[in-house]
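One structure is given here, and the rest of the page talks about it.
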Amino acid sequence: MHKVIFDTDPGVDDAMALLFLHRHPEIDLIGITTVFGNAPIEITTRNALFLKQQWGISAPVAKGANVTFDPSRPEGHWPTFIHGENGLGDIDIPETIDLPVDPRPAHHFLIETVKANPGEVTIIAVGRMTNLALALREDPDFAALVKDVIIMGGAFDINGNVSPAAEANIHGDPEAADLVFTAPWRVTIVGLDVTTKTVMTSKFMDDMAKAGGKPVQLLSDLSQFYIEFYKVRTGDGMVVHDSCACVYLVAPELFETRSGPVRVVCGGLADGATIQKPDGRGFPPGNWDGHPSQLVCTDIKPDAVLSLIRSVIVDGKHA
Ligand code: BDR
Ligand code: CA
């Protein structure tokens with residue numbers, strides 16, 4: 001059984017990833033930590049509680065950061081044109097959800113939950129890396145107790161999606177991402193190189209909803225705004241960024257990876273760009289030296305990933 005804490009900014013593709021984690025028979029979702037990104041923290045946390053309630057998820061929700069790791073960074077804007085004003089495709093959601101939030105801030109929840117389960121917890125982070133960076137700053141020793149970190153973010157051999165250089169989750173907090181990639185733990189980075197190849201058509205989603213009943217119909221309803229946004233880019237269908245990171249946990253054989261230290265450009269023209277120095281490549285002494293090698297996903301089997309998502313969401317636990 002994989003014990004997982006899901007660090008997320010729901011977010012339409014985050015919602016699909018959450019349902020996948022909840023329903024996978026070999027995953028024990030032990031916590032959900034929220035972060036700002038697709039919407040402000042009040043909204044992403046409310047959305048996490050809403051999805052928890054609708055899907056009967058037992059994992060606690062802890063509220064996380066609403067500003068970047070370096071608080072002097074200027075505020076960005078919310079991607080309402082992708083995820084809607086309310087972060088979940090503008091479906092009807094009550095302003096408040098009658099469920100408790102864990103009393104701890106997300107980074108304390110991360111540290112304490114990992115310490116209570118040393119060597120057993122995988123953190124899957126699919127928003128800005130702010131909560132993880134705050135946890136590392138507060139307790140650098142906690143990194144050694146984490147089993148694995150899998151993140152959705154970055155663009156290595158292709159352009160970004162918020163600038164030619166940078167992907168949204170990294171661009172939203174570059175200093176945090178750089179700290180996470182250079183910390184002494186194993187990080188697998190599932191970036192745009194592979195997620196943009198993984199497009200779920202609207203028919204695939206409709207069929208899933210028909211087979212999966214009310215909970216999957218909710219996923220389909222909240223995805224329609226996002227599908228509309230992606231139409232211009234994909235012809236038809238949605239890029240399932242965050243689910244790809246969750247699939248990696250249970251089916252790494254569906255991905256190709258490259259090992260080497262990763263740094264993030266912090267500031268300037270290429271703010272938020274992710275750059276890997278592949279292991280074995282010689283360069284003069286530089287900024288990648290002495291940092292741990294991390295795994296960057298370079299290729300994916302999209303059809304197999306999509307059919308795994310479907311089988312887990314439609315036929316998995318709690319279905
Ligand atoms: C990432 O940014 C967010 O909009 C998505 O939820 C995903 O995590 C894609 O760049
Ligand atoms: Ca996300």
Side-chain angles (χ1 to χ4, degrees), residues 4-21 32-41 43-48 51 61 64-66 68 76-90 106 123-132 149-156 158-174 176-177 180 188-200 219 222-223 225-230 233-234 237-248 264 271-274 296-297 300 305 309:
V4 170
I5 301 177
F6 188 46
D7 188 75
T8 177
D9 59 337
V12 172
D13 59 320
D14 303 71
M16 181 186 287
L18 177 62
L19 188 56
F20 179 89
L21 294 173
I32 300 166
T33 50
T34 59
V35 66
F36 73 129
N38 288 326
I41 192 67
I43 293 182
T44 58
T45 307
R46 187 277 312 262
N47 290 352
L51 296 170
V61 172
N66 199 30
T68 45
H77 52 264
W78 312 113
T80 51
F81 53 103
I82 306 175
H83 297 267
E85 291 291 334
N86 74 359
L88 289 179
D90 291 340
I123 300 173
I124 301 183
V126 298
R128 303 175 188 200
M129 307 295 133
T130 322
N131 293 332
L132 276 63
V149 180
I150 304 171
I151 72 111
M152 187 281 134
F156 290 83
I158 62 169
N159 284 131
N161 57 2
V162 286
S163 83
E167 181 277 333
N169 288 342
I170 308 299
H171 188 264
D173 199 343
V180 167
T188 302
I189 303 171
V190 182
L192 297 181
D193 304 68
V194 297
T195 64
T196 52
K197 292 180 181 169
T198 315
V199 178
M200 184 177 284
L219 178 66
L222 67 85
S223 299
F225 188 98
Y226 182 90
I227 288 175
E228 202 53 42
F229 165 81
Y230 268 108
R233 285 146 193 88
T234 64
M238 60 190 280
V239 180
V240 297
H241 299 287
D242 293 349
S243 293
C244 290
C246 302
V247 168
Y248 183 87
V264 179
D271 198 24
T274 43
V296 167
C297 291
I300 188 166
V305 168
I309 293 171

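Both ligands and their constituent atoms are indexed starting at 1 by order of listing. Because the structure is predicted, anything quoted here is derived from the model rather than measured.
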**Prompt:** Which one of Val194, Asp14, Asn169, Ile170 satisfies the side chain to side chain contact (heavy atoms under 4.5 Å, CB included) criterion with Met152?
**Reply:** Asn169
**Prompt:** ligand 1 versus Val126, non-hydrogen atoms closer than 4.0 Å: side chain, backbone, both, neither?
**Reply:** backbone
**Request:** Using a strict cut-off of 4.0 Å, indicate which atoms of ligand 1 neighbour a heavy atom of Asp14.
**Result:** 6 (O)
**Prompt:** Counting backbone and side-chain atoms alike, does Val126 have an N/O/S atom under 3.0 Å from the Ca ion (ligand 2)?
**Reply:** yes
**Asked** When you measure from atom 8 (O) of ligand 1 to every protein heavy atom, which one gives the shortest distance, and what is it?
**Response** Asp242 OD1, 2.6 Å
**Asked** Can you name the nearest heavy-atom pair linking Ala15 to Leu222, along with the distance?
**Response** CB-CD1, 3.9 Å
**Polar contact flag, side-chain donor to acceptor under 3.5 angstrom, Thr130-Asp173** = yes
**Message:** Is Asp13 close enough to the Ca ion (ligand 2) that one of its N, O or S atoms comes in under 3.0 Å?
**Reply:** no
**Complete:** ligand 1 atoms nearer than 4.0 angstrom to some heavy atom of Asp13 are 5 (C), 6 (O), 7 (C), 8 (O)
**Message:** With no hydrogens and no angle check, just 3.5 Å: does a side-chain donor-acceptor pair link Thr44 and Asp9?
**Reply:** no
**Region of Asn38 that comes within reach of ligand 1 [heavy atoms, distance under 4.0 Å]** = side chain
**Request:** Would you mind telling me which of Val126, Thr195, Ile151 makes a side chain to side chain contact (heavy atoms under 4.5 Å, CB included) with Asp242?
**Result:** Val126
**Message:** Show me which atoms of ligand 1 lie under 4.0 Å from any heavy atom of Glu167.
**Reply:** 1 (C), 2 (O), 9 (C), 10 (O)
**Message:** Could you identify the single nearest non-hydrogen protein atom to atom 2 (O) of ligand 1 and state the distance to 0.1 Å?
**Reply:** Asn169 OD1, 3.4 Å
**Message:** Has Asn131 got a side-chain atom pairing as donor or acceptor with Ala65's backbone, closer than 3.5 angstrom?
**Reply:** yes
**Request:** Output the atom name for the N/O/S atom of Asp242 with the smallest distance to the Ca ion (ligand 2).
**Result:** OD2
**Prompt:** Can the ring centroids of Tyr226 and His83 be said to lie less than 6.0 angstrom from one another?
**Reply:** yes
**Asked** For Cys297, does its backbone N or O pair with a side-chain atom of Asp193 as donor and acceptor, under 3.5 Å?
**Response** no
**Prompt:** Counting heavy atoms only, which part of Asn161 comes closer than 4.0 Å to ligand 1: side chain, backbone, both or neither?
**Reply:** side chain
**Asked** What's the atom name of the N, O or S in Asp9 nearest to the Ca ion (ligand 2)?
**Response** OD1
